[in-house]
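Let me begin by presenting the structure, written as structure tokens, before commenting on it.
In what follows, chains carry the letters A, B, and so on, assigned in the order in which the sequence lines appear, proteins first and then strands, with residues in each chain numbered from 1.
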Amino acid sequence: MKPKFLEIAWKDLIIEFRSKSTISLMVLFSLVTSMLFSITVPVAYAQSIGASLLWLIFIFVGMLGYARAFIREVELETLEGLKLAPVHPASILAGKMIYNIVLMFLMELVVVPVFVGVFNMSIAKPLLFFGVLTLGNAAFAVTMSSLAVLVIKSRSKELLLPVIAFPVIFPVVSSTVFALNMTVSGRIQGIASPLKLVVSFAVILLTLAFLTSEYVFMD
Amino acid sequence: MKPQIFLRDVVKTYGRFKALDRISLSIERGEKVAILGPNGAGKTTLVKVISGQIRATSGRVEVMGKNPAEFSRELRKNMGFVSHNPMLYDELTAYENLKFYANLYDVESGDRIEELLKKLRLYGRRHSRVKTFSRGMKQRLAIARALLHDPEILILDEPTSGLDIEGRLELLMNLSTLEKTVLLTTHNLSEAERLCNRAVILMNGKIVAECGINEAESVYLKHCRL
């Protein structure tokens, strides 16, 4: 038997791959935005600001997609079923986080090659670039999933999430972009500092989210 | 012996609105109790408080000696909940839905799922996605979900709401054979008479009467006229 949080994440992934309601929207949005950036931003600047633009796309897509894991449960009224089950709220939250991380990782696999191709970017440390992007996205998913729980009871949840998220995600965004630019240029000395900040921030938020999960999930 | 469900002076407010007003109630193991009342009487709020889905504003709530608002794995494993909302995932099949819940409840799934699907006449459609099911089939599957872990307490919140006559009768037949502590909320007296042996009448968030199920109709009408 899988741990409960993996059961929840697996169930969400099966539902997503069958309905394709969130991932198709996220992929389409990312591709359209990549194309728009490629038209509006001169290719000469791609090397210097490409990583920032790519992250901007992931932020927008994340805003669209991360809350869906919870909103879908609210819309289908299945969240009650999870709340009634002998599963600690922290496990529900962990399941949603893992689902969001996997979703974002799959997005990366599709969007990054297209973006790099469109901008004709040359990345000095491609593996490290992908690793930093994945780490940043994981931290971003953790942050957004934690915040999504707070807004699911609100009427304008999908609008409220970006409003409260932007100030909170700032350390993750700035540090990830900083580290990504280092991998693009190849000058990776000191890359550990921004990455440590990303990890520390995610761990702090994760701890806070787990500690308050029981209270937050209740009425 | 301590009652299985015990409430004393329970109040639940939403802003200024008092959904439950000093509710005191005691239900023994194996009792089948109907909570009767018109729409908006507070029936659903009451069962949500008992099942731990919402927290009472004040008062004492104990289910099997535990406060249901605080997470308790043991308590959750002993409660089954069926409402008008089946709490099922449309994109999963009937079998997958039950398997998912069985895993959450630590139930050795295979045989138990098949047994329930057969009992509730859904075995032939076990690999169909729930989104293709009729309302009645979804409600039958919701009962299977609630019974998977063989709970001691079964809470039924207007389980026949939205069902046609045939679906309603079938559901009642399935539920009437269960030997568990049952708490049923309904505004339908005949349903209560088929399933329960005691009635609690709730109006405007207050318990106005408690009686045997046979007297429920006259007591209910008397309070409705007041």
Heavy-atom distances under 4.5 Å only: say whether [X] touches chain A with side chain, backbone, both or neither.
X        : result
B:Val82  : neither
B:Leu88  : backbone
B:Asn85  : side chain
B:Arg145 : neither
B:Glu74  : neither

Short N-O contact, B:Lys99 and A:Glu7, less than 4.0 angstrom: no
salt_bridge(A:Lys4, B:Asp106) N-O dist < 4.0 Å: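 Here A:Lys4 pairs with B:Asp106 in a salt bridge, since their nearest N and O are under 4.0 Å apart.
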Minimum heavy-atom separation for [X] to [Y], with atom names?
X       : Y        : value
B:Arg73 : A:Pro86  : NE-O, 3.3 Å
B:Phe71 : A:Glu214 : N-OE2, 2.8 Å
B:Thr93 : A:Arg18  : N-NH1, 4.2 Å
A:Lys83 : B:Arg76  : O-NH1, 2.6 Å

Please say whether more than 12 non-hydrogen atoms of neighbouring residues, nucleotides or ligands are located less than 6.0 Å from [atom1] in [X].
X        : atom1 : value
B:Arg22  : CZ    : no
B:Lys180 : NZ    : yes
A:Phe170 : CZ    : no
B:Ile165 : CD1   : no
B:Arg135 : CZ    : yes

Pair B:Leu104-A:Ile8, side chain to side chain contact (heavy atoms under 4.5 Å, CB included): steps then yes or no: CA-CA 9 Å; B:Leu104 294 189; A:Ile8 292 168; 4.3 Å; yes
Euclidean distance, A:Ile14 CD1 relative to B:Phe100 CZ, rounded to 0.5 Å: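 The CZ atom of B:Phe100 sits 10.0 Å away from the CD1 atom of A:Ile14.
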Separation of B:Glu91 CD from A:Phe17 CZ (nearest 0.5 Å):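 Between atom CZ of A:Phe17 and atom CD of B:Glu91 there are 13.0 Å.
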Interface residue of largest heavy-atom contact number with chain A, from B:Lys77, B:Lys48, B:Met87, under 4.5 Å: B:Met87
Per-residue contact mode, A:Leu79 against chain B (heavy atom under 4.5 angstrom):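 Neither part, no heavy atoms under 4.5 Å.
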Option that, when pairs with chain B are counted at under 4.5 Å, heavy atom only, ranks first among A:Glu80, A:Arg72, A:Lys2: A:Glu80
Pairs of heavy atoms under 4.5 Å with chain B: top-ranked of A:Leu76, A:Val87, A:Leu82, A:Leu84: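 The answer is A:Leu84.
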